[in-house]
Amino acid sequence: MTMASSTSTNNGSGNNNNQQPPSTMRIHLHSELSSSHSSHGISHEDYAQYAGYCTRRLSRLRHGKPVKKELLHCRQYKNALSTKKEEDGGGAGGGVSKAKHAYRAIDMTNLPSEVLGMHVNYFWEPLYCAERCWAASMAVKAEYGNDSSNGGGGGGLLGSEPKKEWSPGKIRAHSIKRLRKAAKFATLLETLTACTKKAPSAQEGAEGAEKPNGEEETAAPPVDEHTQMEAKAYASWMRGNLALEQNQWQTACNEYQMALTLCESLASNSNVSSGGDDEAKDNGNAMQQLELLDFFTTRGQNVIAPLLRYCHYELQEKGMSPTEKISFLQSSSSVTDNNNNNTTHNDPLQSKLQSLKVQTLQSQATSGSSMSEIVFRENTIAVETKELRMALLKIQDLKGDWEEDKNGNTNNNNASDAKFMALLSGHDDAISLTNQELKLLATLKSGPAVNAKKFQLVNIVGYAKFKKLKLVMGRNEDLAKGIVRRNRKKGMTLKHFEEVAHLYDALLQDARVVASLPGGGSAEDYFEGGNTSSASAVEDEFLLEANATILRLRSLRCYYLAKMHASPLVHKYPEAVALLDQAESLAQEASEEIGACDEMEGGDEMLEHLESVLEEMRGEKCRVLAVSYLNKNTSSAASGKCLLERLYDYGIPSASAPLSHVPPKLEPMACKPSFFDVALNYVSDYPVDELEKALGEHGDGASSASTGFLGW
């Protein structure tokens, strides 16, 4: 926990007047909240988990021994200073029960500054109360947003009616209610940090007599100015969130402006204090000051500033089109999208942007001005239902966002991948909606009108599947080309060839699926003879382009498979030559088919790419043939013979060979069993006597006289 620079463990009650209050505390509120957010669910938008954590944290804070007399809502501590005084004479604490653990209402503003300064829990308690209410509000909105996309209502976080579907108005009212309580606790925290109330002395009467001049004595605040500024900034931000949810734009502007100004002041104070007093010169304290500078600067620029711009936009927005509103919201929230911290999940601009996009799509789908018809395989298909039009408009919107992010050359690959997956999910939704309508039509009897409707829906399914497969194929081919381009200079290894071949294998499967998509022709051709599969055999431009794509991908796949077989680790050169011949033949066929397609998208680029690949194939084939020939002629070099044994071998050695083997290798000799029988006849006993006589004759004198060169 990041807490005060000087705290005390004394009892937090107001009855102990003999104790001296500790020195002024400094509490880093925002650092504590940042740590709690990153560790308890906010980073992945699990607000329910964070609300549960706040509840458990509050229980621990209130049951601390020095502070439980003032913070617990038990009538057992009815004589504590924090007990709320009832004005109507109904008793202290707001309850008539005399039970020990009955409810006791508390008012922490009754606590004097000396008591508040004795323990830090007096400030953590309202802070986490505000955080719990804010998390509950965000959890309700998040749950309603998830359930509304599936057609359901509220769930278990919506209070006493977990199974009842709540209307959007009731959801909003519940969210505002929780935000109102959060703003109340945040204001209480701000009040406590600035408290100057002096503890009653023993000389004052029980009735609380005032001074003769009518002025009350004041005490020093329990915390320093830095903590007061943090509490005020937090309270202003929370009140701004409440005003933003209530569409009170002027109030929200004032509160956000106050929070932004305070964050900038805190950042500048942290920068100045990092080189000030002696304590700040310590390395650990200096690092903490730099971290605070970065934190408040980031919070002001990436969290509060976009909200302030949005409120300004709402105040001056008159007669703007929905497209202009969406572009403004995207530009306002783009700062937080590129932030590495967890501030994006706390940005209300994202929810505003999504709701405005949904409203725009609904209005366009209802009016029928956009996506009222599509063109697929030379057929113009009308999109009659509102749900399908909205699904297709959503696909168009998601595709625009993804292409903008892709062409923007951003370094945030995770965001681009998330948008691409959302685009694929949009196509899946459109396919699912169309299949549901086809299932309803399957129960009806066949007729001209029913068959025309079925043919219309079948073409829509084919259109959606084709667009999805086209996206996947384009992305996979870009990945394959990227691998080749990145490793061309330093040389591609077997692993790179395997990755590229695997991608082209997946591309080939998708291309074959595209060729078998339903659609094309007419309704009579589709239902001719009751065989609905005959529609895929309709000869049109779409099928010719699909077959040309299959040939092109087969050629590229064979080419990279050949390079795999020709790599030094595999060295299967005959198979590589056969694959290169097949790849060259397929590439020539694909070039002819692509040239025959007049309206093929990207046909010229494909032809240029195939021509360059054909040149590479011919060069690779020559290299593989040369390596294969050398491999055949160097077979004797790998036998392990020395140069004296290879005087009549004219092959090129693959490695250095020795002149001769030292010591000479043993050579096997072919012998029959009868040879050993004859040799046994000439073997006698060991001549021990003769050897001893010879040694005696050649004694030390004789041996020394006959010693020659090298001692022989």
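Under the salt bridge (charged side-chain N to carboxylate O under 4.0 Å, His left out) criterion, Lys470 pairs with Glu601, not counting sequence neighbours. Applying the side chain to side chain donor-acceptor pair (under 3.5 Å) rule to Ser35 yields no partners; only residues at least two apart in sequence or on another chain are considered.
Considering CG of Leu507 and CG of Leu479, their distance stands at 9.0 Å, rounded to 0.5 Å. Atom CG of residue Leu398 and atom CE of residue Met421 lie 12.5 Å apart, to the nearest 0.5 angstrom. Going from atom OH of Tyr504 over to atom SG of Cys558 covers 12.5 Å, rounded to the nearest 0.5 Å. Atom NZ of Lys454 sits about 8.5 Å away from atom CG of Leu438, to the nearest 0.5 Å. Within the model, atoms CD1 of Ile381 and CD of Glu373 stand 9.5 Å from one another, a figure rounded to the nearest 0.5 Å. Distance check, rounded to the nearest 0.5 Å: CE of Met600 to CG of Leu544 gives 10.0 Å.
Listed for the Arg389 side chain is a donor-acceptor partner under 3.5 Å among the backbone atoms of Glu384. Asn547 places a side-chain N or O within 3.5 Å of a backbone atom of Leu543 that can act as its donor or acceptor partner. Between the Asn487 side chain and the Ile483 main chain, a donor and an acceptor come within less than 3.5 Å of each other. No donor-acceptor pair under 3.5 Å is formed between the side chain of Ser555 and the backbone N or O of Leu551. For Thr443 (side chain) and Leu440 (main-chain N/O), a donor-acceptor pair under 3.5 Å exists by modelled atom type. Not one N or O on the side chain of His571 forms a donor-acceptor pair closer than 3.5 Å with the backbone of Ser567. Under a 3.5 Å cut-off, the side chain of Ser432 and the backbone N or O of Asp428 do not form any donor-acceptor pair.
Between Ala546 and Val514, the shortest heavy-atom distance links the atoms CB-CG1, 4.4 Å. Summarising the geometry of Thr434 relative to Leu457, their closest heavy-atom pair is CG2-O, 3.3 Å, with the distance given to 0.1 Å. Taking all atoms of both residues into account, the shortest heavy-atom contact from Met564 to Ala501 is SD-CB, 3.8 Å.
In this structure, His502 places its NE2 atom where only 12 or fewer heavy-atom neighbours from other residues, nucleotides or ligands lie under 6.0 Å away. More than 12 heavy atoms of other residues, nucleotides or ligands lie within 6.0 Å of NZ in Lys453, so this atom counts as buried by the packing criterion. By the neighbour-count criterion of 12 heavy atoms within 6.0 Å, atom NZ of Lys572 is sparsely surrounded, having that number or fewer from other residues, nucleotides or ligands.
Looking at Asp510 and Asn476, their side chains come closer than 4.5 Å, going by heavy atoms from C-beta outward. The closest side-chain heavy-atom distance from Lys399 to Glu403 is below 4.5 Å. Counting heavy atoms from C-beta outward, Glu45 and Met138 have side chains that stay 4.5 Å or more apart. For the pair His427 and Ile395, the minimum side-chain heavy-atom distance is below 4.5 Å. A heavy-atom distance below 4.5 Å is found between the side chains of Gln436 and Leu433. Val375 places none of its side-chain heavy atoms less than 4.5 Å from the side chain of Tyr463. Using a 4.5 Å heavy-atom threshold, the side chains of Leu614 and Met617 count as touching.
Leu553 pairs with exactly one of Arg512, Met473, Gln509 by the side chain to side chain contact (heavy atoms under 4.5 Å, CB included) rule, that one being Met473. Thr493 pairs with exactly one of Lys495, His496, Lys490 by the side chain to side chain donor-acceptor pair (under 3.5 Å) rule, that one being His496.
The closest side-chain donor-acceptor pair between Ser34 and His37, if any, does not fall under 3.5 angstrom. There is a side-chain donor-acceptor pair under 3.5 Å between Tyr559 and Glu616.
Between Glu620 and Arg623 there is a salt bridge, with a side-chain nitrogen of the basic residue lying less than 4.0 Å from a carboxylate oxygen of the acidic one.
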Mind running side chain to side chain contact (heavy atoms under 4.5 Å, CB included) on Leu625 and Tyr573 for me, showing each step along the way? CA-CA 7 Å; Leu625 288 173; Tyr573 303 110; over 6 Å; no
For a side chain to side chain contact (heavy atoms under 4.5 Å, CB included) check, start with the C-alpha distance between Leu643 and Ser660, then their side-chain angles and the critical distance, and finish with the verdict. CA-CA 6 Å; Leu643 293 180; Ser660 63; over 6 Å; no
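Applying the salt bridge (Lys or Arg N to Asp or Glu O under 4.0 Å) rule to pairs touching residues 471-483 yields Lys406-Asp478, Asp417-Arg475, Glu477-Arg552, sequence neighbours excluded.
Ring centroid separation for the pair Phe376 and Phe542 comes in under the 6.0 Å cut-off.
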